[in-house]
Amino acid sequence: MTVHERTQVGIVGAGPAGLLLSHLLSLGGVDSVCVETRSRAYCESRQRAGMLESTTVELLRAVGLGDRLDAEGLEHDGIYLQFDGERHHMNFRELTGGRWITIYAQTEIVKDIIAARTAAGAAPQFEVSNTAVSALDTARPVLSYTDARGMRHVVTCDVIAGCDGFHGITRRSIPGGGLTMLAERSYPYAWLGILAAAPPSTDEVIYCRHDNGFALHSMRTPEIGRLYLQVPADEDISRWPDERIWPELATRFALPGWSLTSGPVLQKSITPMRSFVAAPMRFGNLFLAGDAAHIVPPTGAKGLNLAVADVTALATALIRLIRDGDAELTAAYSDHCLERVWRSTHLSWWMTSMLHIAPDQDQFESELQLAQLRHLVSSRTAAASLAETYTGYRPLRFDPSTRLDAARLWPSVA
Ligand code: FAD
Ligand code: DHB
């Protein structure tokens, strides 16, 4: 059986981008339907990001999603950079005049927004199948899907938001020529990530360059550590039993007088490393946001933060369009977002290249990496530049009112 429905914004994907977009739209009085292939439990437990820019934290607080984040998030002043047997603290708060970073897992943000949408009587539709989008270049684009009970839905929308991640269907539904740029870079290594019942052995996140490869020590709570190791691209995870992971982490992070606390590995997975940008982030009345439009290697901790920035801009633009009939911000959406996307793409590529060891790396490249790292920890100007982009590019403004003009809301568009 097929039901025909109507909404203002059809949202494909209930990751951070789709969920936050539906929440922001509701604050501006715009209706949406959000559909998701996976189950709620899967979305709430998929281990991914953890590092939030202060700009992201401030936005989440401003839109009513800050309670648990403030109670349970771990606020940090900066990071450690480790190389050549030295560990240096980079104090971003001091370097930026007050900006900071917060560890609060993506799983928790997803839980918070699903709870808020459920309380508002507008929970996403989980476990849908055969999602499709059509009539994208018309004033009435259509979102179709089959719900968990087998009912087919055909939803006529004003706008569709493609928030379905890198492997989703929305970007691939854009006809040939609709995207004028597909820029991509893959890296010859991957990350093995573990979640472990091991108290963090550090007060701040450690980014470490070692001749064996990159390692990252992060955390989730005072009892749970989150750690990553550079491994070969296409690595077989069965080659990394726990008894191999902990000694390798201890070798890469080793410093005299410091030791790494190990513990049971709760979860383990391998992530490939890729940069990708599709542009423009719009085709007709389909708007792409988050990983559906761009991905970065995780070294700069930018993916989730970019997804939040995209949908903050998109929600404001769509509220103006749908509620007030003002298309100025939707016209500017793609250019506005891409400026931040390319800044973050550069940071992620640069940090990745500086900290990982390529399979064919020669001494020339190794010396360049070390020279760059030494410069970062000895030049205040270089450190301040990293601190500025790492903690957030520009403040995020969500204002569903009509009072602010575009130039004040998005200075880059003026
Ligand atoms: P996703 O989270 O991928 O959500 C897309 C959703 O769409 C998914 O739930 C998917 O199931 C659904 N979907 C797909 N196809 C369909 C369909 N046909 N119909 C319906 N639904 C569909 N970022 C940071 O900012 N900081 C970090 O510290 C950080 N660390 C990371 C560490 C790792 C190991 C990894 C892998 C990523 C990390 N990231 C980090 C990146 C971050 O996790 C992503 O950028 C973020 O998940 C993007 O959110 P999204 O909503 O755009 O996409
Ligand atoms: C985390 C992930 C990252 O990619 C990063 O750069 C920093 C921290 C994390 O999972 O905590």
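Computed from heavy atoms alone, side chains included, the values below leave out hydrogens, waters and symmetry copies. Residue numbers start at 1 and run along the sequence shown. Numbering of ligands and ligand atoms starts at 1, following listing order. Quick caveat, the model's predicted, so the values are computed rather than measured.
- Between Met351 and ligand 2 there is no heavy-atom distance shorter than 4.0 Å.
- Ligand 2 has no atom lying under 4.0 Å from any heavy atom of Val205.
- At a 4.0 Å heavy-atom cut-off, ligand 1 touches Leu304 through backbone and side chain alike.
- Annotation for Asp67: atom CG does not count as buried by contact number, only 12 or fewer foreign heavy atoms lying within 6.0 Å.
- Figure legend: cation-pi geometry between Arg274 and Phe276 absent, as NZ or CZ is not positioned both under 6.0 Å from the six-membered ring centre and within 45° of its axis.
- The single protein non-hydrogen atom nearest to atom 19 (N) of ligand 1 is Thr131 OG1, 2.9 Å, given as residue, atom name and distance.
- Residue-level proximity to ligand 1 for Phe166 is absent, since no heavy atom of it falls below 4.0 angstrom.
- Nearest protein heavy-atom contact of atom 11 (O) of ligand 2 is Ser218 OG, 2.6 Å.
- Around atom 37 (C) of ligand 1, the closest heavy atom drawn from Glu36, Gln125, Arg48 belongs to Arg48.
- Comparing heavy-atom distances from atom 5 (C) of ligand 2 across Tyr228, Tyr104, Tyr207 singles out Tyr207 as nearest.
- At least one heavy atom of Tyr228 lies less than 4.0 angstrom from ligand 1.
- Remark: ligand 1 atoms within the under-4.0 Å shell around heavy atoms of Gly13 are 6 (C), 7 (O), 12 (C), 21 (N).
- Between Leu286 and the options Val12, Ile174, Asp137, Leu143, a side chain to side chain contact (heavy atoms under 4.5 Å, CB included) holds for only Ile174.
- A side-chain donor-acceptor contact under 3.5 Å links Glu36 to the backbone of Ala14.
- Two rings, from Tyr390 and Phe92, have their centers less than 6.0 Å apart.
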**Prompt:** ring-ring contact (aromatic ring centres under 6.0 Å, His included) between Phe214 and Trp191: does it pass, once the steps are laid out?
**Reply:** CA-CA 9 Å; Phe214 171 73; Trp191 276 17; 5.4 Å; yes

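- Every N/O-N/O distance between Met219 and ligand 2 stays at or above 3.5 Å.
- With a 4.0 Å cut-off on non-hydrogen atoms, Gln106 touches ligand 1 through its side chain and not its backbone.
- Within ligand 1, the atoms closer than 4.0 Å to a non-hydrogen atom of Gly168 are 15 (N), numbered from 1 in the order shown.
- Taking every non-hydrogen atom of Thr37 and a distance limit under 4.0 Å, the qualifying atoms of ligand 1 come out as 13 (N), 15 (N), 16 (C), 17 (C), 19 (N), 20 (C), 21 (N), 22 (C).
- Ring planes of Phe83 and His88: parallel class, angle under 30° (limits at 30 and 60°).
- Residue-ligand proximity, Trp191 to ligand 2, at heavy-atom distances under 4.0 Å covers atoms 4 (O).
- Cation-pi geometry between Arg87 and Trp258 is met: the NZ or CZ atom falls under 6.0 Å from the ring centre, inside 45° of the normal.
- Counting the atoms of ligand 2 from 1 in the order shown, those under 4.0 Å from a heavy atom of Thr299 are 6 (O).
- Near Gly50, the atoms of ligand 1 lying under 4.0 angstrom from a non-hydrogen atom of the residue are 27 (C), 28 (O).
- Counting heavy atoms under 4.0 Å from ligand 1, residue Cys163 touches it through the backbone alone.
- Ligand 1 places these atoms under 4.0 Å from at least one heavy atom of Val35: 20 (C), 21 (N).
- Neither the backbone nor the side chain of Gln47 comes within 4.0 Å of ligand 1, counting heavy atoms alone.
- Which parts of ligand 2 touch Arg48 is read off a 4.0 Å heavy-atom cut-off, strictly below it: atoms 10 (O).
- With a heavy-atom cut-off of 4.0 Å, Val12 touches ligand 1 through its side chain alone.
- When only non-hydrogen protein atoms are considered, atom 4 (O) of ligand 2 lies nearest to Pro298 O, 2.7 Å.
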